[in-house]
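One structure is given below, encoded as structure tokens.
Naming convention: chains lettered A, B, ... in sequence-line order (proteins, then strands); numbering from 1 in each chain.
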Amino acid sequence: MSIEVLGITVLWTFLFGYLIIASIDFGAGFFSYYSTITGKRHLINNIIERYLSPVWEVTNVFLVFFFVGIVGFFPDTAYYYGTALLVPGSIAVILLALRGSYYAFNTYGVNKNNRFYMLLYGASGLLIPAALSTVMTISEGGYIEVNNAGKVTFLVRKLFTSTYSWSVVLLALVSVLYISAMFLSYYADRANDRGAFEVVRKYALAWSGPTILCSLLVFFAIRGHNAEHFDRMTAHAPLFVLSFACFLVALYHVWTRKRLGLSFIFVMLQFGFAFYGYGSAHLPYILYPYLTIHDNFTSQPMAIALVSVFILGLLLLIPSLYLLLRLFLFDTKYVQGKRGK
Amino acid sequence: MHTLLSSYDPVMYSRILTGLTLAFHIIFATIGVGVPLMIGLAEWMGIRRNDEHYMLMARRWARGFVITVAVGVVTGTAIGLQLSLLWPSFMRVAGQSIALPLFMETFAFFFEAIFLGIYLYTWDRFKKKTTHLWLLIPVVIGSSASAAFITIVNAFMNAPAGVTVKDGKIIDISPFGAMLSPAMPTKVSHVLVTAYLTCAFVLAAISAWSLLKGRNHIYYKKALKLTMVASCVFLLASAVIGDLSGKFLAKYQPEKLAAMEWHFDTTTEAPLVLGGILTDNNEIKYGLKIPYALSILAHGLPHAEVTGLNDIPADEQPPLYIHYLFDLKMGFVALMVLIAGSFMVLLWRRRERVFENKWILRGIILAAPLAMMTIEHGWIFSEVGRQPWLLRGIMRTSEGATVSDHVDTMLYVFAALYVVLAFSSVTVLIRMFRSNRAEDEIAAKGIEGGSEL
């Protein structure tokens with residue numbers, strides 16, 4: 001494995017981490033608000049709060065890690081994406097800022113369960129993934145134009161009128177809700193909270209079908225948009241078949257209400273296979289057709305330094321993350337709310 | 001004239017928006033760096049003296065801290081992304097040269113975030129009290145390391161190192177060498193110590209406020225003493241580091257020193273100008289000249305030669321108004337020294353009476369915003385003083401900015417966001433502490449603290 005492939009794999013892995021844990025968070029925000037409207041809030045709010053409280057800050061870090069890392073490994077991405085994404089990027093930042101701070105105000109402040117806070121939290125849970133998913137769309141090419149003087153222009157109108165772009169947004173939304181509901185089913189089951197479990201299990205089952213339909217939609221939309229990428233994806237067909245198989249296994253376990261931890265592992269595998277399949281077919285392009293991992297890679301000494309720091313950092317992070325999970329995810333007493341704060 | 005006013009200049013708007021985001025973020029970042037240390041001090045005192053008051057202090061500070069951390073995290077994410085969105089050409093160069101500390105910063109932040117989550121939810125989880133305190137150590141280290149790494153990036157912008165520049169382009173890079181800019185030691189230590197200082201003052205002001213309102217619980221006296229003694233220590237440390245920063249500037253950024261001191265001609269035995277205003281033909285009026293002081297400040301010797309602006313090309317000179325920023329900042333520092341000094345003298349001479357002295361308490365309440373203003377002024381001074389450079393000697397500010405449309409609109413939208421966040425976070429914090437005062441919590445929980453101050 002060359003060092004540039006190693007670099008992009010590391011970054012992609014962090015993005016995958018963000019995809020999973022941020023989806024849980026975003027979806028939980030939506031369900032939390034939705035349950036208020038449908039009068040089921042008292043059933044599911046406890047488990048949502050118990051899981052989210054200690055981990056919300058960690059979620060953001062995955063994203064920061066990704067965009068700082070990509071500028072380090074592939075400095076030219078800052079120039080192309082930075083110039084093009086001023087408006088959508090800023091909107092995403094504002095939504096993230098509102099979401100994060102109002103979550104803290106609501107959870108730690110005196111005025112708990114403020115309706116306005118809840119609405120912000122729920123709505124941003126859907127808008128942020130929609131905004132962020134457009135970066136993936138843009139990376140397929142066709143939405144950024146570079147003239148002879150090197151000036152980068154972002155073709156907003158084209159993005160908003162493209163079928164491909166909207167199919168990606170749709171997939172992002174339903175995936176968020178599906179991943180989140182699948183996780184909450186597992187968490188409610190662990191907490192031994194039957195009432196909550198039955199509610200979130202229904203959400204999980206309801207969003208499973210749309211997830212697969214939207215995946216197929218994107219698969220075909222990409223053929224119309226970037227045929228080259230589509231061809232390479234079909235060359236990776238076994239990965240996508242595996243992804244679908246994992247989906248069936250995960251769904252089976254939620255359906256039969258058995259072994260929900262295993263079920264969530266299969267959800268992660270389902271998205272893992274699809275995400276890495278999509279990603280490896282995307283290579284060598286980071287931005288079609290302007291940036292590739294080979295031509296726009298950072299200097300050799302910087303790459304070596306970044307990789308070394310990354311390895312040292314992981315040695316620090318993995319035990320810490322394990323401790324966090326042990327205390328709040330794998331500790332049955334905490335999950336069941338039997339521990340004082 | 002009309003075309004001048006209506007012409008859209010993305011460089012200007014990018015500078016204003018970056019400045020606005022940083023001015024807002026720096027408040028929460030400072031709290032994020034300093035408060036964990038203060039919480040740790042309180043919890044440590046509580047364990048050492050077996051005094052529940054200090055344990056409660058740590059808990060209450062931590063409760064408020066979470067709110068500020070949230071705003072700090074989201075505005076930190078904002079500036080992180082804005083760097084690429086507003087300064088794409090700069091980030092392309094920065095990515096090649098100074099990406100390493102930026103990358104390290106995310107690790108430090110990650111580390112801090114994980115342990116903060118654990119710390120906040122495990123107050124009563126362990127049998128040994130020290131176990132919980134140990135969980136705070138990574139938070140303190142992580143937040144201080146974050147600040148250090150970001151400051152290393154800024155030090156590189158002020159005095160690039162570890163790179164070989166040919167025809168204005170970077171050709172050879174040593175990633176670790178770039179982190180060891182000559183500006184790094186003084187900058188990093190200055191940022192850290194002043195963050196600790198500011199937080200000690202902010203927390204002291206909260207206790208002083210309660211005492212001034214006549215709520216004479218010993219809890220507030222303990223808090224005030226702890227925070228004010230800490231302030232004095234940090235104030236002394238900042239003074240020493242501040243002096244070293246002046247000597248660094250003389251050596252590596254003489255243009256910044258010359259502009260901030262209105263030192264127009266290279267001379268030996270240079271005097272220091274305090275205050276004053278500058279006329280249109282660069283004459284200093286009403287200023288107080290202290291003979292030899294600039295030579296001493298810059299090189300430690302009264303006869304040393306100090307580079308003046310006449311030796312700096314005209315298009316590489318920083319704006320001269322940074323003199324006002326710097327003098328204002330030093331004025332704030334003088335006031336803080338006066339306040340902290342008076343407190344210490346009174347504490348030493350009269351013990352208990354200091355907690356009833358209304359003027360001292362008012363002074364301490366004033367010291368908190370002063371300290372925050374000093375940080376803001378010091379930072380703006382340092383950034384403006386680097387102009388016209390973005391990366392000194394390599395890239396000018398005008399070359400680094402985006403060429404996109406709509407930077408002006410983004411500026412207004414972000415300004416609105418910060419107004420909303422500032423208003424909400426302050427409201428939430430005030431409500432939080434009003435509805436649950438320390439003395440009420442002590443009574444409700446039946447906490448018995450020590451009587452020793």
Note to self: Once rounded to the nearest 0.5 Å, what's the spacing between atom CG of L323(A) and atom CD1 of I114(B)?
What the structure shows: 9.0 Å
Note to self: For M410(B), which atoms come within 4.5 Å of any heavy atom of chain A: side chain, backbone, both, or neither?
What the structure shows: side chain
Item checked: Proximity breakdown for F14(A) and chain B, heavy-atom pairs closer than 4.5 Å -> side chain
Note to self: Counting only non-hydrogen atoms closer than 4.5 Å, does F90(B) touch chain A with its backbone (N, CA, C, O), its side chain (CB onward), both, or neither?
What the structure shows: neither
Notebook entry, point to check: Distance from L85(B) atom CG to T83(A) atom OG1, nearest 0.5 Å?
Noted result: 9.0 Å
Check: Going through the distances and angles, do Q82(B) and V93(A) end up as a side chain to side chain contact (heavy atoms under 4.5 Å, CB included)?
Finding: CA-CA 9 Å; Q82(B) 272 180 0; V93(A) 169; 5.7 Å; no
Next item on the list: Examine whether an atom of D76(A) lies under 4.5 Å from a heavy atom of chain B, and if so say whether it belongs to the side chain, the backbone or both; otherwise answer neither.
Entry: both
Next item on the list: Identify the two heavy atoms, one from A70(B) and one from S101(A), that lie closest to each other, and give their separation to 0.1 Å.
Entry: CB-CA, 4.3 Å
Next item on the list: Please look at Y119(B) and chain A and tell me whether the side chain, the backbone, both or neither of the residue comes under 4.5 angstrom of a heavy atom of that chain.
Entry: neither
Check: Side chain, backbone, both or neither: which part of L417(B) has a heavy atom under 4.5 Å from chain A?
Finding: side chain
Next item on the list: First locate atom OH of Y80(A), then atom OG of S84(B), and finally report the distance between them rounded to the nearest 0.5 Å.
Entry: 15.0 Å
Next item on the list: Let me know if D405(B) has heavy atoms under 4.5 Å from chain A in its side chain, its backbone, both or neither.
Entry: backbone
Note to self: Sub-4.5 Å heavy-atom contacts with chain A: which residues of residues 95-108 of chain B show up?
What the structure shows: G95(B), Q96(B), S97(B), I98(B), A99(B), L100(B), L102(B), F103(B), M104(B), T106(B), F107(B)
Margin query: Just checking Y322(A): does its OH atom have more than 12 heavy atoms from other residues, nucleotides or ligands closer to it than 6.0 angstrom?
Written below: no
Check: Heavy-atom distance under 4.5 Å between the side chains of V74(B) and L96(A), does that happen here?
Finding: no
Margin query: Just verifying a value: how many Å separate L327(A) CG and I118(B) CD1, rounded to the nearest 0.5 Å?
Written below: 5.5 Å
Margin query: Please determine whether ring pair (Phe, Tyr, Trp, His ring centres under 6.0 Å) holds for the pair F65(A) and F109(B), giving the CA-CA distance in whole Å, both sets of side-chain angles, and the decisive distance to 0.1 Å.
Written below: CA-CA 10 Å; F65(A) 196 101; F109(B) 175 37; over 10 Å; no
Check: Which atoms of V420(B) come close to chain A, meaning under 4.5 Å heavy atom to heavy atom: side chain ones, backbone ones, both, or neither?
Finding: both
Item checked: Working for side chain to side chain donor-acceptor pair (under 3.5 Å), residues Y79(A) and S89(B) -> CA-CA 6 Å; Y79(A) 180 70; S89(B) 305; 5.2 Å; no
Notebook entry, point to check: Do other residues, nucleotides or ligands put more than 12 heavy atoms under 6.0 Å from E441(B) CD?
Noted result: yes
Next item on the list: Could you list the residues that satisfy side chain to side chain contact (heavy atoms under 4.5 Å, CB included) with S124(A), not counting sequence neighbours?
Entry: R99(A), I128(A)
Check: Taking every heavy-atom pair that is under 4.5 Å apart, which of T77(A), L86(A), L63(A) has the most such pairs with chain B?
Finding: L86(A)
Check: Can you pull out the residues in residues 300-310 of chain A with any heavy atom less than 4.5 Å from chain B?
Finding: P301(A), M302(A), A305(A), L306(A), V309(A), F310(A)
Item checked: Which atoms of S424(B) approach chain A - backbone, side chain, both or neither, heavy atom under 4.5 Å -> both
Note to self: With chain B as the partner, which of G100(A), A104(A), G313(A) has the greatest number of non-hydrogen pairs under 4.5 Å?
What the structure shows: G313(A)
Next item on the list: Between chain B and each of V152(A), T298(A), V64(A), count heavy-atom pairs under 4.5 Å; write down the option with the most.
Entry: V64(A)
Item checked: Rounded distance (nearest 0.5 Å) linking atom CZ of F105(A) with atom CE of M432(B) -> 10.5 Å
Note to self: If I take atom NE2 from residue H406(B) and atom OG from residue S90(A), how far apart are they, to the nearest 0.5 angstrom?
What the structure shows: 11.0 Å
Check: Checking heavy atoms, do the side chain of T77(B), its backbone, both or neither come under 4.5 Å from chain A?
Finding: both
Item checked: Residue-level interface, residues 131-149 of chain B with chain A, non-hydrogen cut-off under 4.5 Å -> L135(B)
Next item on the list: Between chain A and each of I67(B), L81(B), V407(B), count heavy-atom pairs under 4.5 Å; write down the option with the most.
Entry: L81(B)
Notebook entry, point to check: Do you know which of F414(B), W87(B), F115(B) has the most heavy-atom pairs under 4.5 Å to chain A?
Noted result: F414(B)
